[in-house]
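Working notes for the structure below.
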Amino acid sequence: MAEVESRPTNFIRQIIDKDLETGLHSSVHTRFPPEPNGYLHIGHAKSICLNFGIAQDYQGTCNLRFDDTNPEKEDIDYVNAIKEDVSWLGYQWDGEVRYSSNYFDQLFGYAKELINKGLAYVDFSTQEAMREMRGSLTEPGQLSPYRDSSPEENLALFEKMAAGDFKEGECCLRAKIDMASPFMCMRDPVIYRVRFAHHHQTGDKWCIYPMYDFTHCISDAIENISHSLCTLEFQDNRRLYDWVIDNISVEATPKQYEFSRLNLEYTVLSKRKLIQLVEEKHVSGWDDPRMPTIAGIRRRGYTPTSVREFCSRIGVTKQDNVVEMGVLESCIRDDLNENAPRAMAVLEPVKLIIENFEGDVEWLDAPNHPSKEEMGTRKIPFSKEVWIEKDDFREEANKKYKRLVLGKEVRLRNAYVIKAERIEKDENGEVTTIYCTYDPDTLGKAPADGRKVKGVIHWVAAKQAVPAEFRLYDRLFNVENPNKVELAEALNPNSLTVIQGFVEPSIKDVEIGVGMQFERTGYFCRDKDSSEALPVYNRTVALRDTWAKMGE
RNA sequence: UGGGGUAUAGCCAAGCGGUAAGGCAGCGGGUUUUGAUCCCGCCAUUCGUUGGUUCAAAUCCAGCUACCCCAGCCA
C-alpha cells in the first residue's frame, strides 16, 4: 500500500517554507537547547520532535546544545541523562554535543565589543537598588549612576571581574539599552555576573558567567542556526535576542520563533514541581513510572514511537493548551496493539479446579498475536487446577455479564469451554474454589452440538504459574490542573497499586521494558525491580474497557 | 491607553476571501476465542463578542471581552 505520509503542517514550517522559497535560507539548522539542571519531560519531547523533526524533513541538521551558563544549578549527571533521552526518542544530533560553555571565550570577546561601543557597562549597584531602579510595568526605570562611565573604565573593570577581583554580587555587566522600554528585559539587562562556582565543563577557568539572553542568541549565530525555536514565555526576550545580534559583529542572523509549551491534564510539567515530587519522596525518583519525565514514561513502557506519535497528534501552535491524558494513552495503545505479543496473567487470582481433567499437563499452542500470524505461537500449560480472575466469576448474574457464572459455560482463552458446577467459600463468604467440568471437544472449535458460549476469560495453570508482582498506575494528581494548587494536597493517594498474582511461564524472563499485552487486562512491561524470585510488571496502560465504563 | 501574545466542538487542531479537514473523547451498529482490535455510521448552519467592508468573511477592518507571559545577577 502506498502510504502518503502526511507531513505535519504548522506555522513554523510555513515560515521555513517561505524562507526557503525566498532564498533567505538555503538550508535549515535547528537546535535543542536544554539546561542540564533536571530531567527531560514530555514537554521537552514536544520541542525535541519539533526541532529534530524539522531537521529531518527538510534535510537540515539539528544540534544538541546544553545551555550551561549557570553552573550552580547544573550537573554532569543531567547532561548524560538528557543525551540518553534524546537518543531513546530516536534522534541523532548533528556532530558533537555542543555546550554554550564552548563559547565562553567568544562571548567574553563580544561583551568587550559591546563595552567598546559604549553599549555595556559595569554596574556596582546592589541587586535591591537595581530592582528599584528598574521601574515597574507601568513606570519607566531610572538610569544607573554607573551608566555613563567610559568604555576604557568599563573595559578595565570587566577584566578585573574576570580576574576575580570582585566578590559575587558586587558588580555585574549590563547592556546599555533603554531604561524606559516597555519591554522589561530591555531595561539595561545584566549580561554577565560574578560566580565563583565550579563548572561541569570549564572547571574553574571562569568566575564570571554570561546570562541566558546574551548567550543564547550568540550561540545560535555561532552554530549558524537558521530557526531558533523556543516557548512562548520568551516572546519579549526576542527583542533582546535581536538587539544583541544587531550590535555585535557576527555574520549569521538567526531568528527566534516561539510556540506554546505543552500542558498535560492531571500532571505537572515544570522543573520546579518535578524536583519537588522527587525530593519530597512522593515518587521513587525521576524515573518513577508515574512521572511525566522521559525516563518515567520509558520505564512505564511507553515506546519512542508512541511519544513521537503523541507529539505529532498535539501539533504546534501559539495557543495555550491542556492536552488530555487520553491522547497519550491512545498513542501507546495503538503502537502496542500492533506490535506487542500477547500473554496471560491473572492479577487477582481465585482457584478453579477442572474435575474431569485427566492426566498431569497438556501443552497448548497459543498465538502470540490474534491477527499477525508471523508473530508465531507459544506453548502454554493446561491442567486440572488453574487461576482465573476473581472478577471473572459470579454466582449469579444477568445476561449482560459474559463471564463465568455458576451453572453456566465460558471459554478459557486459547483452551476449552468449561462449566462452573459448584463452589467453596471461606468463613467470610469469599469464593475460594470453583469446581468445573470441561468439554474436551472444544479446543480450537465451538461445541459440536451448536451451543453458544459467548464469554472468554483468561487463566494461568496453577502448577506452572509464576508468582509475580503487578504495579498498576493511576494519575499522579486528583485535579486536572495541579499547577494552581498546593502540590501535596492535590496528589492522588491511589496513584500506585501493588498486587501479587501469576503470569504464564513463557514470559518470566522477558526483557525489561519491552511491552506485551496481558490479554483482557492491559499492556505491561517487566520492571528493573524484578528479582529472580519475583518478576515485577508495570502496567503501561489498561485496555479500553467499555464494560467497566457501563458501570456494570 | 505599560508592553508582548492567544481566542475554531469536551480536548488537541486544520483553515490563509468562495460557504467548517483530521485526531482524541463520546454515542449508535456489525465482526470477534481479548467486553480488546477491526469495520460502518453519528457528533460545529457556525469560528470569543459587537459592528463594518464585500456578491461572498472563521479568514479583511474597527471596537469590546476573556485568558496567558514580562519588573532574577534563573533559563
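Chain naming here is simple, since letters A, B, ... match the order of the sequence lines and numbering starts at 1 in each. Keep in mind that this is a model prediction, so the values were computed, not measured.
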### Query
Looking at A/Y266, does the NZ or CZ of A/R475 lie under 6.0 angstrom from its six-membered ring centre and within 45 degrees of the ring axis?
yes
#### Entry: Dot-bracket summary - RNA chain B, pairs being Watson-Crick or G-U whose distances fall under 3.5 Å, with | when paired to another strand
.(((((((.[[[..)..(...]]].(((((.......))))).....[[[[[..)....]]]]])))))).....
### Message
For A/Y416 and A/F382, I'd like to know if the aromatic rings sit close, meaning centre-to-centre distance below 6.0 Å.
### Response
yes
### Task
Please determine, by modelled atom types, if A/S219 and A/R98 share a side-chain donor-acceptor pair under 3.5 angstrom.
no
### Task
May I ask you to verify if any side-chain N or O of A/R313 is less than 4.0 angstrom from the OP1 or OP2 atom of B/C11?
no
### Message
Check the phosphate of B/A13 against A/Q319, side-chain N and O only, distance under 4.0 Å to OP1 or OP2. Yes or no?
### Response
yes
### Task
Starting at the 5' end of nucleotides 64-75 of chain B, put B wherever the base has a protein heavy atom under 4.0 Å, S where only the sugar-phosphate does, and a dash everywhere else.
----SSBBSBSB
### Message
Classify A/T317 by what it touches in the nucleic acid, base, sugar-phosphate, or nothing, heavy-atom distance under 4.0 Å.
### Response
sugar-phosphate
### Message
Is the phosphate of B/A36 approached by A/T546 (side-chain N or O, under 4.0 Å from OP1 or OP2)?
### Response
yes
### Query
A/F234 and A/H216: aromatic ring centres closer than 6.0 Å?
no
### Message
Taking the ring of A/F518 and the ring of A/Y537, is the distance between their centroids below 6.0 Å?
### Response
yes
Hey, can you pull the donor-acceptor pairs under 3.5 Å for the side chains in residues 477-485 of chain A, sequence neighbours left out?
from   : atom 1 : to     : atom 2 : distance (Å)
A/N481 : OD1    : A/N483 : N      : 3.0
A/N481 : OD1    : A/N483 : ND2    : 3.0

### Query
Do you see a donor-acceptor pair shorter than 3.5 Å between the side chains of A/T215 and A/D67?
no
### Message
Mind checking if A/G444 touches a base, just sugar-phosphate, or nothing, with heavy atoms under 4.0 Å?
### Response
base
### Message
On the nucleotide B/G5, are OP1 or OP2 found under 4.0 Å from the side-chain N or O atoms that A/R239 carries?
### Response
yes
### Query
Across the strands shown, which category fits A/A446 at heavy-atom distances under 4.0 angstrom: base, sugar-phosphate, nothing?
nothing
### Task
Identify whether any heavy atom of A/R403 sits under 4.0 Å from a base atom; if not, whether one sits that close to sugar-phosphate; answer base, sugar-phosphate or nothing.
base
### Query
If you measure only the distance, is there a donor-acceptor pair under 3.5 Å linking the side chains of A/N237 and A/Y212?
no
### Interatomic distance, A/M179 CE vs B/G2 P [rounded to whole Å]
20 Å
### Task
Looking at every strand, decide which applies to A/K402 at a 4.0 Å heavy-atom threshold: base, sugar-phosphate, or nothing.
base
### Query
Think A/R544 has a side-chain N or O under 4.0 angstrom from the OP1 or OP2 of B/U37?
yes
